Amino acid sequence: MIPEDHPRYASLVAREKIADAVKSGIVVIEGASAHGRGEAFDYLLGERTTKSAACAERTAAAFLIRAARPVISVNGNTAALAAGEIGALARASGALVEVNLFHRTEKRMQAITRHLEAHGVVVLQGAAERLLPLAHDRALCLREGIYAADVVLVPLEDGDRCSALVSMGKTVVTIDLNPLSRTARAATVTVVDELTRALPVITRSCEELGADEAAQLVRRHDNARLLAEAVAAMQETLTHAVD
Ligand code: ATP
């Protein structure tokens, strides 16, 4: 039992969720390592949603609600940390939810689907086909899901798949604490914030945004600026650390 007044409570709860998910087969051990990389960048960010990240979250919502066929791609870490939040965002944005894994086995696909469904998420299912321009099983996705999507939200993605989706002409929204990752650099909209902080803000924005403001956010969007602001926020933390 983690004491609620522990100064690192949220971080310890997230670690426990990842550890439990490794035991239940939802997260592979490599996913635990990816989580640790995220934690390090969150430390640099001051474990808060910066003003720039809040703007990215509103922009992400604008792209999602303006999409004709939005899809949320869910991997093991995302399911383990934020199954309920994914369900809420899917309902608010009208997006479909597809499970898409780097380390793909039928057993994991089933475990993640069951876990999401237990949290009220409607999961798109069907026969996956090799439709993405990637080698091996990483090319697999659903024809009526990610393949047909115009806007794809891919939290905690790896760079190759993000680039593959962009090369197919899709708008890619990602949530990634590392502003230097290939994913962060390749995506259309990069939310540099922790997944469980970012998702509720995006959901609330989907509910609040009017058509004019959403159109304006999309028109004015500048991902290079968002990334530069995220790096600047981290630099500021480091500068103050040695003051
Ligand atoms: P890339 O291939 O894009 O260069 P990578 O090799 O780091 O990046 P992965 O190993 O798949 O890609 O890691 C996923 C990314 O998710 C990492 O950049 C990590 O910082 C980020 N991340 C991990 N946990 C979280 C979280 N809870 N919230 C937001 N981002 C996270």
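Order of appearance sets the numbers: ligands from 1, and atoms from 1 within every ligand. Source: prediction; values computed, not measured.
Looking at heavy atoms from C-beta onward, His115 lies out of side-chain contact with Ile112 at the 4.5 angstrom threshold.
Remark: side-chain polar atoms of His6 are paired, donor with acceptor, to backbone N or O of Arg8 under 3.5 angstrom. With Asn77 contributing its side chain and Val27 its backbone, the two residues share no donor-acceptor pair below 3.5 Å.
Using 4.0 Å as the threshold, Asp193 has a heavy atom nearer than that to some atom of ligand 1. Assignment of Arg185 to the shell around ligand 1 is not supported, since no heavy atom sits closer than 4.0 Å.
Nearest protein heavy-atom neighbour of atom 28 (N) of ligand 1: Leu195 N, 2.9 Å. Scanning all protein heavy atoms for the shortest distance to atom 17 (C) of ligand 1 gives Asp176 OD1, 3.7 Å. Closest to atom 23 (C) of ligand 1 among all protein heavy atoms lies Ala34 O, 3.3 Å. Of all protein heavy atoms, the one lying nearest to atom 31 (C) of ligand 1 is Leu156 CD2, 3.2 Å.
The distance from ligand 1 to the heavy atoms of Leu81 drops below 4.0 Å at these ligand atoms: 27 (N). Close approach to Gly159 involves these atoms of ligand 1, each under 4.0 Å from a residue heavy atom: 1 (P), 2 (O), 3 (O). Close contacts of ligand 1 with Asn178, meaning ligand atoms under 4.0 Å from a residue heavy atom, involve 18 (O), 20 (O).
The closest non-hydrogen atom to atom 6 (O) of ligand 1, taken over Arg182, Arg37, His35, comes from Arg37.
Defined by atom type and a distance below 3.5 Å, a donor-acceptor pair is present between the side-chain atoms of Glu39 and Ser11. One side chain, Asn100 or Arg161, offers a donor N or O that lies under 3.5 Å from an acceptor on the other. Ser163 and Asp160 share no donor-acceptor pair across their side chains, judged by distance under 3.5 Å alone.
Looking at Glu157 against ligand 1, only its backbone comes within 4.0 Å, counting heavy atoms.
A salt bridge links Asp137 with Arg130: at least one charged nitrogen is closer than 4.0 Å to a carboxylate oxygen.
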